[in-house]
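Accompanying notes for the structure given below.
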Amino acid sequence: MGDKIAKFFDSVGAFFTGGDQLPWCDRDIILGCEREIAEAGDDVTDEVKQESIMRLSWALVHSRQPDDVQRGIAMLDASLASAASPLQKREKLYLLAVGFYRSGDYSRSRQLLERCLEIAPDWRQALTLKKTVEDRIAKDGVIGIGIAATAVGLVAGGLAAALARKK
């Protein structure tokens, strides 16, 4: 019985916290990626530089800091047009979707994941994130309906109380 209660409270907690399985990135990793790019300078090939920028973009969109996430989104958005292969485009679209998910723009995240899945329909990572995004959209809808129903109930209760006072 205790296990069932614990599972219940875990599921309720996951409902309200989001419960996604995306990794978080610490500030130290971001600083390391920035240092890697700065130290590389002009001595490396474009390919190596692009890989370093992708690592930094990954770290930024997985950050807990909203400013870092926005910076990662901007970097990925700017570099999306220059994706040399479908694989690079898929990766950038996925990371953009992660960034928009982290920033709370679930509909934009879902759009990007759909574009990503056009390139690789069976890519499990994108499918998993898409399900997480859709669950979050549904959860937000349920919470919104609950808030609206509560507001309607309070207004109706207030009106009923006011009418009862008049009599």
Side-chain angles (χ1 to χ4, degrees), residues 2-37 40 44-146:
D3 288 340
K4 288 183 181 180
I5 293 172
K7 284 182 184 179
F8 171 75
F9 283 115
D10 286 344
S11 68
V12 170
F15 179 82
F16 286 106
T17 60
D20 67 62
Q21 300 299 315
L22 292 173
W24 291 102
C25 189
D26 294 332
R27 190 76 187 129
D28 294 340
I29 295 172
I30 293 169
L31 291 172
C33 291
E34 289 172 335
R35 189 173 28 256
E36 177 185 338
I37 291 170
V44 297
T45 65
D46 279 345
E47 184 179 336
V48 171
K49 197 171 208 167
Q50 288 303 315
E51 287 174 9
S52 297
I53 290 171
M54 279 299 289
R55 277 193 291 280
L56 175 59
S57 299
W58 183 96
L60 289 169
V61 298
H62 286 87
S63 173
R64 292 184 187 271
Q65 304 302 316
D67 290 344
D68 289 341
V69 174
Q70 291 304 317
R71 203 170 121 217
I73 289 171
M75 287 176 66
L76 288 161
D77 207 24
S79 69
L80 186 59
S82 67
S85 70
L87 179 64
Q88 283 182 349
K89 186 173 184 177
R90 178 191 83 168
E91 292 290 328
K92 290 179 182 187
L93 287 169
Y94 177 78
L95 289 176
L96 273 169
V98 169
F100 282 109
Y101 174 78
R102 291 279 193 214
S103 64
D105 190 346
Y106 306 121
S107 60
R108 181 78 173 119
S109 180
R110 183 172 50 187
Q111 286 175 336
L112 290 163
L113 287 164
E114 287 170 357
R115 286 179 56 196
C116 184
L117 290 167
E118 287 173 7
I119 297 168
D122 296 330
W123 192 27
R124 191 173 314 203
Q125 201 171 357
L127 290 167
T128 301
L129 180 56
K130 185 177 179 196
K131 178 168 180 359
T132 301
V133 168
E134 289 172 346
D135 290 349
R136 189 62 186 251
I137 289 170
K139 182 187 92 170
D140 286 356
V142 168
I143 290 172
I145 289 169

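Just so it is clear, the model here is predicted, and its values are computed rather than measured. All residue numbers in this chain count up from 1 along the given sequence.
Here the straight-line distance linking atom CG of Leu96 with atom NZ of Lys89 works out to 11.5 Å at 0.5 Å rounding. Separating the CZ atom in Arg102 from the OG atom in Ser63 is a distance of 9.0 Å, to the nearest 0.5 Å. One distance of note links CD1 of Ile29 with CH2 of Trp58; it measures 6.5 Å at 0.5 Å rounding. We find the OG-CD1 distance between Ser57 and Ile73 to be 11.0 Å, quoted to the nearest 0.5 Å. Here Ile119 contributes atom CD1 and Leu93 contributes atom CG; the two are 5.0 Å apart, rounded to the nearest 0.5 Å. From Leu129, atom CG reaches atom CD of Glu134 across 10.0 Å, with rounding to the nearest 0.5 Å.
Counting heavy atoms from C-beta on, the side chains of Lys131 and Leu127 never come closer than 4.5 Å. Between Thr132 and Gln21, the closest side-chain pair of non-hydrogen atoms is not below 4.5 Å. Looking at Leu95 and His62, their side chains come closer than 4.5 Å, going by heavy atoms from C-beta outward.
Among residue pairs with one or both ends in residues 59-72, those qualifying as salt bridge (charged side-chain N to carboxylate O under 4.0 Å, His left out) are Arg27-Asp68, Glu34-Arg71; sequence neighbours excluded.
The two residues Ser107 and Ile137 make their nearest non-hydrogen contact at N-CD1, 4.4 Å. Minimum heavy-atom separation, Gln88 to Ala84: OE1-N, 2.7 Å. Closest non-hydrogen pair, Ala97 versus Ser109, comes out as O-OG, 2.8 Å. Nearest approach of Leu60 to Gly72, heavy atoms of both residues: CB-CA, 3.6 Å. Pairing each heavy atom of Ser52 with each of Glu36, the nearest pair is OG-OE2, 2.8 Å. Minimum interatomic distance between Phe100 and Leu112 (heavy atoms only, all atoms of both residues): CD1-CD1, 3.4 Å.
Under the 3.5 Å distance criterion, the side-chain polar atoms of Lys92 are matched with a main-chain donor or acceptor of Ser79.
A side-chain contact (heavy atoms from CB on, under 4.5 Å) with Glu47 is found for one member of Glu51, Gln50, Lys49 and no other, namely Glu51.
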### Message
Run Leu87 and Arg90 through side chain to side chain contact (heavy atoms under 4.5 Å, CB included) and show every step you take.
### Response
CA-CA 5 Å; Leu87 179 64; Arg90 178 191 83 168; 3.2 Å; yes

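The environment of Arg55 atom CZ is dense: over 12 non-hydrogen atoms of other residues, nucleotides or ligands sit within 6.0 angstrom.
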